[in-house]
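Residue indices begin at 1 and follow the sequence shown. In listed order, ligands and their atoms are each counted from 1. Just so we're clear, the structure is a prediction, and the values are computed from it rather than from any experiment.
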Amino acid sequence: MLIFPLSRSGLAKFRPLHRPFSQKIISQDKQTKPYRKPNSPASPVSCTSDTFPTKCDVAIIGGGGMGSSTAYFLKKKAGRDLNVVVVERDSAYKKASTPLSAGCLRQQFTVEENVLMSRFAAEFLHSFRSEIGDEVDPNFKSYGNLYMVDEKNAERLAQGVALQKQLGVKSDLLSNDQLKAKFPWINPVGVGLASYGCVDEGWFDPWALLTGLRKKAQALGAVYVDAEVIDFEFKSKDGAEYDAVDKIVVRTAKNEQRTIEFDKCLLSAGAFSGELAKKARIGTGTGLLSTSLPVEPKKRYIYVINSQGQNGPPLTGPQVRDTSQVYFRPEGPNFITSRSPPDDREPSVDNLDVDLDFFDTDIWPHLAYRFPAFESLKVVGSWAGYYDQNTFDQNGVIGKHPAYDNFYIAAGFSGHGIQKVPAVGRGMAELIVDGRFKSIDLSIFGFERLIERRPVQELAIA
Ligand SMILES: Cc1cc2nc3c(=O)[nH]c(=O)nc-3n(C[C@H](O)[C@H](O)[C@H](O)COP(=O)(O)OP(=O)(O)OC[C@H]3O[C@@H](n4cnc5c(N)ncnc54)[C@H](O)[C@@H]3O)c2cc1C
């Protein structure tokens, strides 16, 4: 039986608890020194603590997980001589994907680069205190991840685990009988094969990760500007096929319009990156600029449930994904659960209201069938957030845009981006400062694949 604690319309909305960042327009960076590009006649920088930054070396659009991670790794790498300005329109991060994420980290991907990024995420979380500080704790719970597939997807799962093992991941295949023996609270009927990993797999607090990265980036001198990027300005280059992107046009929290000139710019505006890319002529121009950035918001719900059943999943158990793609994991004394809606029932993205009927029709029947203890449960909360969906191949677009010398993109991580935050930030910092990826070669995720219609075939995403 499904028990709701309140009338449906009165169901409590639940949001991860967090405090908004201060609303200051510019952080204090009194020690910022001018940065001189090689052969540059004059300093391009005028970021000071008492003026709005009109120029900078690197402008980052969007200070969510990707933007703040890049800001941190840039400052760590290049130090005070590199002026980094992060423009963030929602300083409380009410609608950003990062704090609304479920925070799952898994090693169980089928593309090597995705596995390597998750390996680095685990390493980063383990060393968070020494790297970032102890003001916030991402609370990494490595309780494991369990994936179940039906017979027809068993071979794909086995191939994925074989690759993961080659890369040093501790994931194992479980037959139907082994699954039943190890997890007696699962009804294994219809499960062809399962994979289970319990080293460096689990979940963490995305808000704490963001808070730590942002504060550390600011402490190292990155300047956060409370404003919305609304347009770009260009300048023509002699003999070049495409104009160069030169400035971002922003509307400040005080409703003033300003420009910030940059040497390099990173677009990391999450789910809204595709729309903003058009202002940089990406998808509206000719030649290399005729291909759009296929990143758009998709609304996804998370329901918080309290299990009333006997002999159910333990609160220290793994995150579990069913053959139906319904997943759940422990969250304190409760569990959180969700799945993506079918393509023909994508909800409107006009607001972040939660559809409670979707739980009744599309989630609970699968939970109750596969995990009999969940036949009896209470929905004690819910929230919704935007997946930053790459509609082309559901993988991040990471790298420099081929039409520009100075315009970079990190967007479109499609529901598996929070675990990529450390690796993408480090990779973007390498690309921007050193001109190439040094730690993990992320070039398969470049914009070129969109132009050449070469999807990255990651099979472990739904
Ligand atoms: C419900 C849900 C569950 C998820 N679960 C997981 C999970 O378990 N594991 C996982 O790995 N990933 C998960 N994800 C995905 C993950 O949260 C995202 O991929 C990741 O957070 C993307 O980070 P981002 O920095 O690109 O985007 P965001 O966090 O959205 O940051 C982008 C920032 O850009 C700002 N911005 C946008 N436009 C402008 C503009 N014009 N000017 C200035 N600023 C602008 C926004 O305000 C925002 O703060 C989940 C996402 C959701 C919604």
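- For ligand 1 and L276, the ligand atoms under 4.0 Å from any heavy atom of the residue are 41 (N).
- Taking the charged nitrogens against the carboxylate oxygens, R258 and E256 do have a contact shorter than 4.0 Å, which makes a salt bridge.
- Here V250 has no heavy atoms under 4.0 Å from ligand 1, in either its backbone or its side chain.
- Only the backbone of A227 comes within contact range of ligand 1, with a heavy atom under 4.0 Å; no side-chain atom does.
- Contact atoms of ligand 1 toward S268: 32 (C), 34 (O) (distance under 4.0 Å to a heavy atom of the residue).
- Of all the heavy atoms of P99, none lies under 4.0 Å from any atom of ligand 1, so neither backbone nor side chain is involved.
- Heavy atoms of Y93 found under 4.0 angstrom from ligand 1 belong exclusively to the side chain.
- Ligand 1 has an N or O atom lying under 3.5 Å from an N or O atom of G65, backbone or side chain.
- In terms of protein heavy-atom proximity, atom 28 (P) of ligand 1 is closest to S97 N, 3.6 Å.
- For atom 41 (N) of ligand 1, the closest non-hydrogen atom on the protein side is V229 O, 3.0 Å.
- The cationic group of R281 does not satisfy the cation-pi geometry with Y242, failing either the under 6.0 Å distance to the six-membered ring centre or the 45° limit from the ring axis.
- Within 6.0 Å of the NZ atom in K77, the count of heavy atoms belonging to other residues, nucleotides or ligands exceeds 12.
- No more than 12 heavy atoms of other residues, nucleotides or ligands sit less than 6.0 Å from atom CD of E275.
- Counting the atoms of ligand 1 from 1 in the order shown, those under 4.0 Å from a heavy atom of G385 are 53 (C).
- Of all the listed residues (E88, R89, H416, M66), E88 holds the heavy atom that lies closest to atom 35 (C) of ligand 1.
- Geometrically, R300 engages Y387 in a cation-pi contact, judged by NZ or CZ lying under 6.0 Å from the ring centre and within 45° of the ring axis.
- The side-chain tip of R89 points at the ring of F272 from less than 6.0 angstrom away and within 45° of straight on.
- Near G415, meaning under 4.0 Å from one of its heavy atoms, ligand 1 places the atoms 6 (C), 7 (C), 9 (N), 10 (C), 12 (N), 13 (C), 14 (N), 15 (C).
- For atom 37 (C) of ligand 1, the choice among A96, A269, P206, G62 with the nearest heavy atom turns out to be A269.
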Full working for salt bridge (charged side-chain N to carboxylate O under 4.0 Å, His left out) between K438 and E430 = CA-CA 6 Å; K438 287 179 141 178; E430 291 168 354; over 6 Å; no
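- In N351, the CG atom is crowded: over 12 heavy atoms of neighbouring residues, nucleotides or ligands sit closer than 6.0 Å.
- Nearest protein neighbour of atom 27 (O) of ligand 1, counting heavy atoms only, is G270 CA, 3.4 Å.
- Heavy-atom contacts of T98 reach the following atoms of ligand 1: 21 (O), 23 (O), 25 (O), 28 (P), 29 (O) (cutoff under 4.0 Å).
- Between T54 and E261 the shortest side-chain heavy-atom distance does not fall below 4.5 Å.
- Nearest non-hydrogen protein atom to atom 31 (O) of ligand 1 is G64 CA, 3.4 Å.
- Remark: the R214 side chain and the Y93 side chain contain an N/O donor-acceptor pair separated by less than 3.5 Å.
- For atom 22 (C) of ligand 1, the nearest non-hydrogen atom from the set I418, V86, D388, D90 belongs to D388.
- For ligand 1 and I302, the ligand atoms under 4.0 Å from any heavy atom of the residue are 1 (C).
- In this structure, R339 is not positioned above the aromatic face of Y327 in the sense of NZ or CZ being under 6.0 Å from the six-membered ring centre and within 45° of the axis.
- Near Q419, meaning under 4.0 Å from any of its heavy atoms, are these atoms of ligand 1: 9 (N), 10 (C), 11 (O).
- The protein non-hydrogen atom at the shortest distance from atom 6 (C) of ligand 1 is S101 OG, 3.2 Å.
- At the top of the distance list for atom 5 (N) of ligand 1, counting protein heavy atoms only, stands A102 N, 3.1 Å.
- Under 4.0 Å from ligand 1, not a single heavy atom of L210 appears.
- Residues N114 and E458 bring a donor and an acceptor atom of their side chains to less than 3.5 Å of each other.
- Comparing heavy-atom distances from atom 7 (C) of ligand 1 across G412, A410, P297, C104 singles out C104 as nearest.
- The N/O atoms of E228, backbone and side chain alike, include none that comes under 3.5 Å of an N/O atom in ligand 1.
- Seen from the ring of F109, K420 counts as a face-on cation partner, given the 6.0 Å and 45° thresholds.
- Interface atoms of ligand 1 facing G103, defined by a heavy-atom separation under 4.0 Å, are 7 (C), 8 (O).
- Closest heavy-atom approach to atom 2 (C) of ligand 1 among the candidates L100, N390, I336, V421: L100.
- Salt bridge absent: E131 and R129 never bring a charged side-chain N and a carboxylate O closer than 4.0 Å.
- Contact of the S382 side chain with the Y301 side chain is not registered, since no non-hydrogen atoms from C-beta on lie closer than 4.5 Å.
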